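Down below is the structure, laid out as structure tokens.
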There are 2 protein chains.
Amino acid sequence: MVDRTGRRPTIYSVAERAGVSIATVSRVLRRPGEVRASTRDRVLAVVEEMGYVPDGAARSLAVKSHEAHGLVLPELRGPYYADLLTGYEQGAAEGGASVVVLLTHGKDDVDLLVRRLAGRVDGMVLMGAVPVSSRTVDAVRAKLPVLVLADRHQDAVESFSTENVGSAEQLTRHLIEEHGRRALRFVGTPDIADDVQERYAGFVAAHEAAGLAPADPVPATFREDDGPRVAALLLDGELEADGVVCANDELALSVMQRLLAAGVDVPERISVTGWDDVMAARYVTPGLTTVAQPVRELGREVAVRMRGLLEDRHSAPERHVLPTRLVLRQSCGCP
Amino acid sequence: MVDRTGRRPTIYSVAERAGVSIATVSRVLRRPGEVRASTRDRVLAVVEEMGYVPDGAARSLAVKSHEAHGLVLPELRGPYYADLLTGYEQGAAEGGASVVVLLTHGKDDVDLLVRRLAGRVDGMVLMGAVPVSSRTVDAVRAKLPVLVLADRHQDAVESFSTENVGSAEQLTRHLIEEHGRRALRFVGTPDIADDVQERYAGFVAAHEAAGLAPADPVPATFREDDGPRVAALLLDGELEADGVVCANDELALSVMQRLLAAGVDVPERISVTGWDDVMAARYVTPGLTTVAQPVRELGREVAVRMRGLLEDRHSAPERHVLPTRLVLRQSCGCP
DNA sequence: TTGTAAGCGTTATCAA
DNA sequence: TTGATAACGCTTACAA
């Protein structure tokens, strides 16, 4: 399956073998309707016989489009990013674009990698949590459309996110009003990401609406490892609480497991809630009350919007917020 | 940030503005050591000022390398594929390559998409479960290195997988010998994928070694939806069993939940085991006994091997098998 | 309907 | 140390 030069077949070798010009080969592949059937069949036969696959780089150079989008995520733990990627890939594929994934976790030259990626894609999506300088973001934005997810509101760049404040407020209010909680703690570090900040804001809002004083957040990362520490605080009595609103499910599951193991009655004595609705949330006992985000849809919508931006530059940056859904199970106190 | 032609800066506009040739600009970016410091600084300043990012397609065309690998997966549900991608991306990035992800689920022109992808990457990894014709695989293989994961042993193409038969046998033997099970059923459809087939083979082997007759498998897909159906069979008494060896955790979790909800004592009356060690496996009660695979490492090793193949074509196809680890929790009967 | 030829934006060889 | 210039493999006017 190599032509006589000993290399992989190019459009030239196919053309030669089929006895046509390279323009005709190109047409056969891109606009078969413009070629006479007999010619087309002959070319196609040669293409098949030689195993010719057009070089994407050469095509990109000629058409000035990479037919690819870049998706930059911190990592892929948990269902969030995977669902996001799934939705995005689908949306991009519908427009004939493939997606190049860049995972920043554990890399120390993120800015360089992002810039380099910018040379290989038509548009780029950045997760708010990725550690990239705003200088780099600006440089990339000067070159191609950039969409940002779940990030602090830099109003210059268009962003997508799922609703946080309202749902957090609703969840907190539920704990206060339906389950009579009076000493709730928010577990998570608001500064760590925009989402967490907004969820804490909702927590605070619900307290104020109820005439209660909101407690300070209990710092914790998104990882499961912090659960035991927080649970220990609760068990020691160092943290007085009749409910914990955790920044995500991993944290909530891990805290809850520790509490249960120590004989604490969840939810009777302490309510526990999470965020994300991971698979484990519906298999644990008690079932974890949490907030479900339409992540797949989010991903798909971001991709569709990106395709729109690629068609028509210069549309004003919009701010998209998708609604979330409260999932009441038993860990809050519901039957 | 556009040059006077109104378009994005190219190596030409940078060269012009810096008063050097394009060759020098290219050198500054690729081999700064070969350029006089004063020239280098001047060029770099212009690069920065104009926001110049080299076009990846043009570079690929010139160097005859896409600096990208294709990873074709059926979907991204569950931790398996996400971990695989994480490991692969890391391994690829270490070699300066990015990864283009193609998700086949829900697409009807997979063969076409795979061929097209082959024109944009230097090497391709195919998950065994993706619905792609062997004609296409052969066509792609003629053009670039292909690695296959968890696939039926077509010995022509190099493959990676995690160990199945031995671990399944070990797990089954554990149920028979330690927990005295005598009526085990395997839940999963062996024909669906190579993994399942091998897991069932281990199930059978353990029975034969113990002088027991292995029952036929109970067909079920990898999805959670099949759990209720299988559980119903068990509850109806239509399926006599004192233990079920499920093809994966989703299935096991869902069967177990149904059994528990119906008041069946797991593991006292029925043992339940899974495969994959998903997060939920360690949060449910009883904890799910399962088999953990080193998926991240697998991904990374595949990427490293791909880099090797890219260096040196024509190395004979090897068959790599990574060891797995039995994770004993309580759902099998262990304390 | 088909062919000619001019780009597309890099890299790399060879001279200067 | 730097510059001209020829690839690289494709698409697409424009001409025939």
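If you're wondering where the values come from, they're calculated on a predicted model, not measured in any experiment.
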Could you name each residue pair satisfying side chain to side chain donor-acceptor pair (under 3.5 Å) that touches residues 121-146 of chain A, not counting sequence neighbours? A:Ser65-A:Asp122, A:Asp111-A:Ser133, A:Asp111-A:Thr136, A:Ser133-A:Thr136, A:Arg135-B:Glu48
Length of the line joining B:Ile11:CD1 and C:dA12:P, which is rounded to integer Å: 11 Å
Any side-chain heavy atom of B:Ser26 within less than 4.5 Å of one from B:Ile11? yes
Could you pull out all residues at least two apart from B:Pro74 that satisfy side-chain contact (heavy atoms from CB on, under 4.5 Å)? B:Tyr81, B:Thr104, B:Met127, B:Ala129, B:Val130
Check the angle between the aromatic planes of A:His69 and A:Tyr88 and answer parallel, tilted or perpendicular using the 30° and 60° thresholds. perpendicular
Which nucleotide in C:dA12, D:dG9, C:dT1 has an atom nearest any side-chain atom of A:Thr39: C:dT1
Strand contacts (DNA chain D) in residues 19-28 of chain A, 4.0 angstrom heavy-atom criterion: A:Ile22, A:Ala23, A:Ser26, A:Arg27
A:Glu67 atom CD is separated from D:dC10 atom P, nearest whole Å, by 14 Å
Side chain of B:Ala62 (C-beta onward), nearest among D:dT11, D:dC8, D:dC10: D:dC8
Can any side-chain N or O of B:Glu158 pair as donor or acceptor with the backbone N or O of B:Glu318 at less than 3.5 Å? yes
Rounded to whole Å, the CD-P distance (A:Glu16 to C:dT4) equals 13 Å
Of the listed nucleotides D:dC10, C:dG9, C:dT10, the one nearest the side chain of A:Leu61: C:dG9
Would you say the side chain of A:Tyr12 and the base of D:dC8 hold a donor-acceptor pair, judged only by whether the two atoms sit under 3.5 Å apart? no
note: A:Asp55, atom CG; D:dA7, atom C1'; distance rounded to Å ~ 14 Å
Round to a whole Å and report the spacing from NE2 of B:His66 to C1' of D:dC8. 11 Å
Let me know the distance between CZ of B:Arg120 and P of D:dC8, rounded to the nearest Å. 20 Å
Enter the inter-axis angle for the ends of the helix from C:dT1-D:dA16 to C:dA16-D:dT1 (five pairs per end, rounded to 10°). 30°
Quick one: is C:dA12 close enough that its OP1 or OP2 comes under 4.0 Å of any side-chain N or O from B:Arg31? yes
Between A:Lys107 and the options B:Glu89, B:Gln90, B:Glu94, the side-chain hydrogen bond (donor to acceptor under 3.5 Å, both in side chains) test singles out B:Glu89
By ring-ring contact (aromatic ring centres under 6.0 Å, His included) - contacts of A:His105 (at least two apart): none
Pairwise 5' ranking along DNA chain D for B:Ser38 and A:Ala57, keeping only the more 5' one: B:Ser38
To the nearest Å, how far apart are A:Asp41 CG and C:dT1 C1'? 15 Å
With a 4.5 Å heavy-atom cut-off, do B:Pro145 and B:Leu310 have their side chains touching? yes
Taking the minimum atom-to-atom distance to the side chain of A:Ala58, which one of D:dT11, D:dG9, C:dT1 wins? D:dG9
Would you say C:dT11 has OP1 or OP2 under 4.0 Å from some side-chain N or O of B:Lys64? no
Which of D:dC10, C:dG9, D:dT1 is nearest the side chain of B:Arg36? It is D:dT1
Residues in salt bridge (Lys or Arg N to Asp or Glu O under 4.0 Å) contact with A:Glu67, at least two apart in sequence or another chain: A:Arg59, B:Arg120
Neighbour count above 12 (heavy atom, 6.0 Å) for B:Arg307 CZ: yes
Let me know the distance between CZ of A:Arg30 and P of D:dT11, rounded to the nearest Å. 5 Å
